[in-house]
2 protein chains.
Amino acid sequence: MARPVQQRRVTIVDVARHAQVSTTAVSKVLRNAYGTSPAMQQKVHQAIADLGYRPSAAARGLRGQTYTLGVMVPDIANPFFPEILNGVTASLRDSSYQVLLAPGCAGEQAEARTIESMIDRSMDGIILIAPISPRAHLEHVAGIIPTVIVGRHARSAIYDTVADDDIAGAALVVDHLVELGHRRIAHVEHLETEPSCIEEMPNMIRAEGYRRAMRRHGLDAEIDVVSRTYTREGGYTGARELLERPNRPTAIFAGADIAAMGVLDAVAEAGLSVPGDISVAGYDNTTFASFSQVSLTSVDQAGWQIGADAARLLLERIADRSRRSAQVKLSPTLVVRTTTAPPPTP
Amino acid sequence: MARPVQQRRVTIVDVARHAQVSTTAVSKVLRNAYGTSPAMQQKVHQAIADLGYRPSAAARGLRGQTYTLGVMVPDIANPFFPEILNGVTASLRDSSYQVLLAPGCAGEQAEARTIESMIDRSMDGIILIAPISPRAHLEHVAGIIPTVIVGRHARSAIYDTVADDDIAGAALVVDHLVELGHRRIAHVEHLETEPSCIEEMPNMIRAEGYRRAMRRHGLDAEIDVVSRTYTREGGYTGARELLERPNRPTAIFAGADIAAMGVLDAVAEAGLSVPGDISVAGYDNTTFASFSQVSLTSVDQAGWQIGADAARLLLERIADRSRRSAQVKLSPTLVVRTTTAPPPTP
DNA sequence: ACTGTCGTGGGTAACGTTGCCCAAATGTTT
DNA sequence: AAACATTTGGGCAACGTTACCCACGACAGT
């Protein structure tokens, strides 16, 4: 039954007393503020080490910075997001910032609550990955807390953005499939049920890129889009619908690898072979796409780089909140694997 | 250049003034504390709604609770962890708690820093998934903050645990393979580089369960374990080593699906077929295992349930810090798919 | 010697919330 | 009618940190 006594936390006051200086002095040393002699710094650092002092984020939050950054991801089960996150944490390795992930945001309501809760926790800045909130709400949020938006295609004066060129990415896939000889190329898109920001979302841009590329190749009549979600389930039901068409497509372009997974499920279930009967392509080039049993042709949008850029921009904005907003647009590349091949000869 | 003015946050004082009551009264209503009449509650709630008030977690943290729970995951790229997390958030749906995820802890040092940072942020409780810190350190942490440990096989008086019966899980796989006629069954385990808590870790228990089951079947001489990590890379290099054995195994049991992915990569690269030439089994029954192109035989350890139980225990412990510690042990089940079959007849 | 500047350090008042206590009003028992 | 219990609400002092000021001594330029 030996229970350790609930010892009081070491505070800045304890450090000050131990180092025989004022709390102000300790605070200054902690923040590398102006007005501290090397001798005092030495004393203070020694005291901090002796006592094992750690600043309280709560108390700091009440006054100023918390050295905490929040990242909101729409769906942690999607293997693309960990890559972005790795880029973020890599960028922050040498800083004193800690990253916290806010998971589970299904729907605009839940997303708003999640963002609110990050603000409540006085985070120093937030990175929102493909948020579905209306533009006005994002600007409102960005007015309260430094914000970087990942994925959305719209510039704002008060928040920075990092996005992949989804028009180009979708074109890469269509061009590749057309070059292989495909004409009936279908697309599985992600459609938000609460459509308040439709035209800025990466998923919509991808669908638009698909349509434009199809038209460019004179395939207007073959444009065929099914609307689901970027999940395995979404890809599965979407592909089921496509495979039941009287004249079924010879290629399916899923807007995300995770949806392509579902497409492959449906194709296998229908007893069709890939790429013999039907070609399949994805988007994101997740680790799953490179898996030997899958070997999915996919668009690489450099998730790591996206995360790294987002973190960098966020730190810059925290340092200078009135600086001009920046927009980073990254160019995707196509990684051709074995799920795409010429269509079957009839 | 219209920049929204940085408006001051609405505080409890504003609410109190607007509702014509004291700040104490507002605080009581917020916390459903004793001593508030229905009439006052009504007034206060109205004022809160009018002003859009949100309590500051920082200020709360300085005094008491922050209504924030932290979850530490060892590797967000492993698709098993999102399942646990979904269980956690589902359990907390109707509570006022917010979950934050602390990502990226490679090594004991990084893990300790991550835990420290959750304590610094005055979280109300933490869930540590398969932490690698020494036992003593975990007990130290649990003395400071309510803690639930997931995966570790050791009971403590001051923290609760939730774990899968890894001995039984490993036995399920070995029994299944033996029944199919396999004898040369190898295992890819996860080995921590900093071995301070070896014998409690789920990965070690799985390896031990494998050894025991092999002995039970009189296959002592066939025991063959390669030590890597539970990653795709680990599974890949581990399988490469196994496949180069003069008398290579007819079945490989990877301690995690994510490692099984790498095993399948290596097997494919070697030009062998699954399950024709070699059977492969995993652990965790992640969504990846059920994927049609993979169809991996795997042990289901009910990640969702693990997360839900962990969250429940944590709430109980927050409510009563001196309650007796609880240990939940869940029974795994085997999901047989198409990567396991009788060994090739020589 | 007298003023001004700079480097160094400290005092103090917030920041927003809640736990503890007390006061007044109301109800209940003797 | 007096004594006592209960309900309802408020005052006040922390919690740990930092921004803003001011004080002191040293030193340079007049």
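In what follows, chains are A, B, ... by sequence order, proteins preceding strands, each numbered from 1. In this text, all values refer to a predicted model and were calculated from it rather than measured experimentally. Scope of the values below: all heavy atoms of this structure, side chains included, with no hydrogens, waters or symmetry mates.
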Examine [N]: is either OP1 or OP2 under 4.0 Å from a nitrogen or oxygen in the side chain of [X]? Give yes or no.
| X | N | result |
| --- | --- | --- |
| B:Tyr67 | C:dT18 | no |
| B:Arg31 | C:dG19 | yes |
| A:Arg9 | D:dG16 | no |

Non-hydrogen side-chain atoms of [X] and [Y] separated by less than 4.5 Å:
| X | Y | result |
| --- | --- | --- |
| B:Gln98 | B:Tyr67 | no |
| B:Pro146 | B:Leu314 | yes |
| A:Leu138 | A:Ile149 | yes |

Distance in angstrom units between [X] [atom1] and [N] [atom2], rounded:
| X | N | atom1 | atom2 | value |
| --- | --- | --- | --- | --- |
| A:Arg63 | C:dA13 | CZ | P | 13 Å |
| B:Arg17 | D:dG10 | CZ | P | 14 Å |
| A:Asp120 | C:dC15 | CG | P | 18 Å |
| A:Ile12 | C:dG11 | CD1 | P | 14 Å |
| A:Asn32 | D:dT17 | CG | P | 16 Å |
| A:Met40 | C:dG10 | CE | P | 7 Å |
| A:Gln65 | D:dT17 | CD | P | 15 Å |
| B:Gln41 | D:dT7 | CD | C1' | 13 Å |

Base, sugar-phosphate alone, or nothing: which one does [X] contact when heavy atoms must sit under 4.0 Å apart?
| X | result |
| --- | --- |
| B:Ser27 | base |
| B:Thr24 | base |
| A:Ser37 | sugar-phosphate |

Hey, which of B:Leu69, B:Val141, B:Val71 is the one that makes side chain to side chain contact (heavy atoms under 4.5 Å, CB included) with B:Ile126?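 Of all the options given, the one that passes is B:Val141.
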
Over all heavy atoms of both residues, which pair between B:Pro134 and B:Arg152 is shortest? Give the atoms and the distance, please.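 Result for this residue pair: C-NH2, 4.2 Å.
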
Minimum heavy-atom separation for B:Gly303 and B:Phe80, please, with both atom names.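 Smallest heavy-atom distance, with atoms named: CA-CE1, 3.7 Å.
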
Minimum-distance nucleotide to A:Leu62 side chain [options: D:dT17, C:dG11, C:dC15]: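 For A:Leu62, the side-chain atoms sit closest to C:dC15.
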
From the options C:dT17, C:dG11, D:dT17, select the nucleotide whose nearest atom is closest to the side chain of A:Ser22. C:dG11

Base C:dG10 to side chain A:Lys28, donor-acceptor N/O within 3.5 Å cut-off: yes

Quick check: on DNA chain C, is the nucleotide nearest A:Val21 upstream (toward 5') of the one nearest B:Ala59, or the reverse? Name the residue that is more 5'.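 First, find each residue's nearest nucleotide; the 5'-ward one identifies A:Val21.
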
Salt-bridge criterion met for A:Arg317 and A:Asp124 (N-O under 4.0 Å):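 No, no charged N to carboxylate O under 4.0 Å.
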
Do the side chains of B:Arg155 and B:Asp160 get close enough for a salt bridge, i.e. N-O under 4.0 angstrom?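 Not counted as a salt bridge, because no side-chain N and carboxylate O are separated by less than 4.0 Å.
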
Using five pairs at each end of the helix from C:dA1-D:dT30 to C:dT30-D:dA1 to define an axis, what is the angle between those two axes, to 10°?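 Axis-to-axis angle, ends of the helix: 40°.
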
Starting from the 5' end of DNA chain D, give me the residue, A:Ser56 or B:Ala25, whose nearest nucleotide shows up first.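 Taking each residue's closest nucleotide, the earlier one in sequence belongs to B:Ala25.
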
